[in-house]
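Structure below; questions to follow.
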Amino acid sequence: MISTPPDLKYTQEHEWGRSEGGEVVVGITQYAAQQLGDVVFVELPKPGTTLTAQAPFGVVESVKSVSDLFAPLSGTVTAINENLVSAPEKVNEDPYGAGWMIRIRPADPKQLDQLLTASAYQALLAQSGH
C-alpha cells in the first residue's frame, strides 16, 4: 500500500508539499521513490534559486533511471537537504521525512491549496493502475 499522508499536498508528477512556518517543504512521494528504485544521487538547486511551478528544479538518479524533479509551486529555495548528498537512500527510506529535498518560500501561498489532496492523489494512482 502506497502511503499518502493526509496533511500533505501532491502533484501529478509525484512530488509532495507541506506548509511549515510560511515555507513549503518539498519531496517526492513514496510511489515515486518505489518506481525509481534505489536512489543513488540527488541534484538540488542552490538556496536563493527562483522556481517556477511545474518547471524542473533538480534531478533524482536511481539504479534504474534519471528523473527530473518538478516544482509544485513558484517561489524561492530557502534550504536544501544537504544530507541527501552523502545519503541519497533517505529518499527511499523516508520520503516524507528525512528524504525531504527543498524548502521554498512561496511566491503565492495559495498555490499550495491548488495541489492535489491525498485522496485525489490516490485516485490519480488508481486511474493509472497503481
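Computed from a predicted model, the values in this text were never measured in an experiment. Starting from 1, each residue takes its place in the sequence as its number.
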Exercise. Apply side-chain contact (heavy atoms from CB on, under 4.5 Å) to the pair Leu84 and Lys90, showing each step before the final yes or no.
Key: CA-CA 7 Å; Leu84 297 183; Lys90 296 281 185 212; 3.8 Å; yes

Quiz item: Which atom names give the shortest non-hydrogen contact between Pro106 and Gly22, and what distance separates them?
Solution: CD-O, 3.4 Å

Quiz item: Phe70 and His14: aromatic ring centres closer than 6.0 Å?
Solution: no

Practice problem: Decide whether Trp100 and Phe57 are clustered together by the hydrophobic rule: side chain heavy atoms of Ile, Leu, Val, Met, Phe, Trp, Tyr closer than 4.5 Å, transitively. | Solution: no

Quiz item: Is the closest side-chain heavy-atom distance between Thr52 and Ser74 below 4.5 Å?
Solution: yes

Self-check item: Nearest non-hydrogen partners of Glu15 and Leu69, listed with the distance
Solution: OE2-CA, 3.7 Å

Self-check item: Interatomic spacing from OG1 in Thr29 to CG in Leu124 - rounded to 0.5 Å
Solution: 9.5 Å

Practice problem: Taking the side chain as every heavy atom from C-beta outward, state whether Val91 and Met101 have any pair of such atoms under 4.5 Å apart. | Solution: yes

Quiz item: Rounded to the nearest 0.5 Å, how far does CD1 of Ile104 lie from OG1 of Thr49?
Solution: 10.5 Å

Exercise. Tell me whether Tyr96 is reachable from Ile80 by hopping between hydrophobic residues (I, L, V, M, F, W, Y) whose side-chain heavy atoms are closer than 4.5 Å.
Key: no

Quiz item: Do the side chain of Asn92 and the main chain of Ala33 share a donor and acceptor less than 3.5 angstrom apart?
Solution: yes

Self-check item: Heavy-atom side-chain contact between Glu13 and Gln54 under 4.5 Å
Solution: yes

Quiz item: Checking Trp16 side chain against Tyr10 main chain: does a donor-acceptor pair fall under 3.5 Å?
Solution: no

Quiz item: Which heavy atom in Thr78 sits nearest to a heavy atom in Arg105, and how many Å separate them?
Solution: CG2-NH2, 3.6 Å

Quiz prompt | Polar side-chain atom of Asp7 near backbone of Arg18 as donor-acceptor pair, under 3.5 Å | solution = no

Quiz prompt | Hphob cluster co-occupancy, Leu51 + Leu115, side-chain heavy atoms under 4.5 angstrom | solution = yes

Quiz item: Partners of Gln111 by side chain to side chain donor-acceptor pair (under 3.5 Å), sequence neighbours excluded?
Solution: none

Practice problem: Locate the shortest heavy-atom distance separating Ala118 from Pro6; write the atom from each residue and the value. | Solution: CB-CA, 3.8 Å

Exercise. Show your reasoning for whether side-chain contact (heavy atoms from CB on, under 4.5 Å) applies to Leu116 and Lys9.
Key: CA-CA 5 Å; Leu116 301 172; Lys9 294 291 196 160; over 6 Å; no

Quiz item: Can you get from Val77 to Val25 by hopping between Ile, Leu, Val, Met, Phe, Trp and Tyr side chains that sit under 4.5 Å apart?
Solution: no

Quiz item: side-chain contact (heavy atoms from CB on, under 4.5 Å) with Val63: which of Leu36, Val40, Val39?
Solution: Val40

Self-check item: Separation between CG of Asp68 and CD of Glu43, rounded to the nearest 0.5 Å
Solution: 9.5 Å

Quiz prompt | Interatomic distance, Ser3 atom OG to Gln122 atom CD [nearest 0.5 angstrom] | solution = 8.5 Å

Quiz item: Any idea which heavy atoms bring Pro72 and Ala53 closest together, and the distance?
Solution: O-CB, 4.3 Å

Quiz item: Got a donor-acceptor contact below 3.5 angstrom from the Lys64 side chain to the Gln35 backbone?
Solution: yes

Quiz item: Would Ile28 end up clustered with Tyr121 when hydrophobic side chains under 4.5 Å apart are linked, directly or stepwise?
Solution: no

